[in-house]
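Here the structure is a predicted model, which is why all the values come from computation and not from measurement.
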Amino acid sequence: MAIPRLPKSGSAGSAGFEVQNPGTIEVRQVHKSYGSLEVLKGISLQCHAGETTCIIGPSGSGKSTLLRCMNNLESPDLGHIELDHDVIGFERNRFGRLMTAKQKHVQRQRMQIGMVFQRFNLFPHMSAIENVMVAPRTLKGLSKQAARDEALLQLERVGMIDRKDAFARNLSGGQQQRVAIARALAMRPSVMLFDEPTSALDPELVGEVLQVMRDIAAEGMTMVVVTHELTFAHDVASRVVFMDGGRIVESGHPSEVLMNPKEERTINFVSRVF
Ligand code: ADP
Ligand code: MG
């Protein structure tokens with residue numbers, strides 16, 4: 001069972017939100033190839049309830065592929081991923097044995113995992129609030145009023161309530177990404193995955209998105225964040241994972257991996273990016 005953690009002191013979320021159901025996600029010996037290219041070469045990783053794990057590493061090292069496996073957008077060739085100790089893509093029959101999951105079960109697991117991409121992909125001709133309401137309406141079957149209430153709560157949480165009626169295309173990149181975060185939160189996931197959420201933003205817009213992510217982490221969400229923002233990783237992560245060539249080269253507390261790395265490849269990467 002997931003053990004809720006108290007928010008870290010001094011940084012309660014903007015809307016005073018506390019995550020009630022943070023999940024645990026565990027990657028076990030995952031291999032993944034595209035044709036003859038082995039992209040993940042045996043990845044194992046534990047992300048505890050309420051903690052933030054930051055994944056860093058050079059382009060092409062397999063970070064996005066790992067997140068896509070965690071979100072069930074890809075299936076590992078070998079190994080598996082567990083969400084709250086249930087294998088993703090499988091379900092237990094009445095004898096407790098794992099069976100390939102029915103579509104409904106896969107959908108339910110997927111709804112528990114929120115994902116935020118580099119490109120926010122909002123519907124440009126819909127307002128911020130309409131964008132946030134779509135998934136709760138269509139996937140969860142919420143009434144219009146319930147979806148609206150949920151969207152208002154989540155827009156408040158990311159500091160976008162004042163712009164709720166603006167068309168997405170009229171928002172800045174940072175504002176769009178905050179709406180995209182609200183959209184993911186509106187499904188009430190137990191884990192949030194972020195794949196380079198600030199890489200497509202102009203530098204002056206990065207800070208507002210990172211601040212929202214800090215707030216959500218402080219509220220007790222389980223987060224896995226692929227990022228090149230090493231200051232964010234240093235301040236927020238419980239664990240930093242450095243990947244290169246489809247393997248985890250080094251992982252541990254940010255004070256170790258970022259400030260005192262042991263492996264040559266980590267030292268080189270960190271000194272280039274910091
Ligand atoms: P990162 O996110 O660390 O930059 P990716 O996971 O995107 O790395 O990619 C790792 C490697 O896998 C790269 O060499 C990339 O070209 C390859 N790759 C990723 N997705 C696919 C795909 N759908 N088909 C073929 N090759 C892919
Ligand atoms: Mg990537």
Working for side-chain contact (heavy atoms from CB on, under 4.5 Å), residues Arg157 and Glu219: CA-CA 10 Å; Arg157 203 170 167 191; Glu219 288 159 7; 2.8 Å; yes

Residue pair Glu91, Asp86: steps toward the side-chain contact (heavy atoms from CB on, under 4.5 Å) verdict: CA-CA 7 Å; Glu91 59 190 319; Asp86 265 345; over 6 Å; no

Verdict with supporting geometry, Val226 and Leu193, side-chain contact (heavy atoms from CB on, under 4.5 Å): CA-CA 8 Å; Val226 173; Leu193 310 179; over 6 Å; no

Side chain to side chain donor-acceptor pair (under 3.5 Å) between Glu82 and His80, intermediate numbers included: CA-CA 7 Å; Glu82 293 177 17; His80 66 261; 2.9 Å; yes

Trace of the side chain to side chain donor-acceptor pair (under 3.5 Å) decision for Ser64 with Asp195: CA-CA 7 Å; Ser64 293; Asp195 194 357; 2.6 Å; yes

Trace of the side-chain contact (heavy atoms from CB on, under 4.5 Å) decision for Leu201 with Val209: CA-CA 9 Å; Leu201 300 176; Val209 173; 3.7 Å; yes

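Between Thr222 and Thr24 the shortest side-chain heavy-atom distance does not fall below 4.5 Å. Contact check for Glu263 versus Asp244: no side-chain heavy atoms found under the 4.5 Å cut-off. With a 4.5 Å cut-off on side-chain heavy atoms, Phe242 and Cys54 do not count as touching. Between Met70 and Ile25 there is a side-chain heavy-atom pair separated by less than 4.5 Å. Here the side chains of Met223 and Phe194 are in contact, with some heavy-atom distance below 4.5 Å. Ile248 is listed as a side-chain neighbour of Ile43, based on a closest heavy-atom distance under 4.5 Å. Two residues are said to be in side-chain contact when any heavy atoms from C-beta on lie closer than 4.5 Å; Ile55 and Leu45 meet this criterion. Side-chain contact check for Pro136 versus Met187: some heavy-atom pair is nearer than 4.5 Å.
Panel note: side chain Asn21, backbone Ser190; no donor-acceptor pair is recorded below 3.5 Å. No donor-acceptor pair under 3.5 Å is formed between the side chain of Ser33 and the backbone N or O of Gly35. Proximity of a side-chain donor or acceptor of Glu26 to a complementary backbone N or O of Leu83 within less than 3.5 Å is not detected. In terms of modelled atom types and a separation under 3.5 Å, the side chain of Gln109 and the main chain of Val87 share a donor-acceptor contact. In this structure, the side chain of His105 engages the main chain of Phe90 through a donor-acceptor pair within 3.5 Å.
Here the straight-line distance linking atom CZ of Arg28 with atom CG of Leu78 works out to 15.0 Å at 0.5 Å rounding. Here CD of Glu256 is found 11.0 Å from CE of Met259. Values are rounded to the nearest 0.5 Å. Once rounded to the nearest 0.5 Å, the distance linking OG1 of Thr52 with CE of Met213 reads 8.0 Å. Taken to the nearest 0.5 Å, the NZ atom of Lys63 stands 9.5 Å off from the OG1 atom of Thr65. With values rounded to the nearest 0.5 angstrom, Met160 atom CE is found 4.5 Å from Gln175 atom CD. Of the inter-residue distances, the one linking Leu122 atom CG with Asn131 atom CG reads 4.5 Å to the nearest 0.5 angstrom.
Under the 4.5 Å side-chain contact rule for hydrophobic residues, Val206 and Val179 share a cluster. In terms of hydrophobic clustering, with Ile, Leu, Val, Met, Phe, Trp and Tyr side chains grouped at heavy-atom distances under 4.5 Å, Leu185 and Val132 are assigned to a common cluster. Connection of Ile113 to Leu139 is not established within any shared hydrophobic cluster, with ILVMFWY side chains joined at heavy-atom distances below 4.5 Å, either directly or through further cluster members. By the rule that hydrophobic residues join a cluster once side-chain heavy atoms approach within less than 4.5 Å of another member, Val241 and Leu258 end up as members of separate clusters. Clustering ILVMFWY residues whenever any of their side-chain heavy atoms sit less than 4.5 angstrom apart, transitively, puts Val212 in the very cluster that holds Leu171.
A donor and an acceptor atom, one from each side chain of Ser127 and Asp165, are nowhere located under 3.5 Å apart. Side-chain N/O atoms of Ser199 and Glu196 include a donor and acceptor closer than 3.5 Å. Arg239 and His253 share no side-chain donor-acceptor pair at under 3.5 Å. Counting only N and O atoms by type, the side chains of Arg110 and Gln107 include no donor and acceptor under 3.5 Å apart.
Side-chain heavy-atom separations under 4.5 angstrom define the hydrophobic clusters, and Leu142 shares its cluster with no other residue. Counting Ile, Leu, Val, Met, Phe, Trp and Tyr side chains that sit under 4.5 Å apart, directly or through other members, Ile267 stands alone, with no cluster partners.
Remark: Asn93 CG is packed, more than 12 non-hydrogen atoms of other residues, nucleotides or ligands lying under 6.0 Å away. Other residues, nucleotides and ligands contribute at most 12 non-hydrogen atoms within 6.0 Å of the CD atom of Glu264.
Taking every heavy atom of both residues into account, Gln112 and Asp84 meet most closely at NE2-OD2, 4.0 Å. Of all heavy-atom pairs spanning Arg163 and Ala128, the tightest one is O-CB, 3.7 Å. Across Pro189 and Ala184, no two heavy atoms sit closer than the pair CD-O, 3.4 Å. Of all heavy-atom pairs spanning Ser61 and Gly245, the tightest one is CB-N, 3.8 Å. Summarising the geometry of Gly159 relative to Arg178, their closest heavy-atom pair is O-NH1, 3.2 Å, with the distance given to 0.1 Å. Nearest approach of Val106 to Ala101, heavy atoms of both residues: CG2-CB, 3.8 Å.
Across Arg247, His31, Met243, a single residue satisfies side-chain contact (heavy atoms from CB on, under 4.5 Å) together with Leu40, and that is Met243.
Arg188 has a carboxylate O that lies under 4.0 Å from a charged side-chain N of Glu150, or vice versa, which qualifies the two as a salt bridge. Checked for salt-bridge contact, Arg214 and Asp235 meet the test: a charged N lies under 4.0 Å from a carboxylate O. In summary, Lys32 and Glu38 do not engage in a salt bridge, as defined by a charged side-chain N under 4.0 Å from a carboxylate O.
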Donor-acceptor pairs under 3.5 Å, side chain of residues 114-121 to any protein atom, not counting sequence neighbours: which ones?
{"from": "Asn121", "atom 1": "ND2", "to": "Arg119", "atom 2": "O", "distance (Å)": "3.4"}

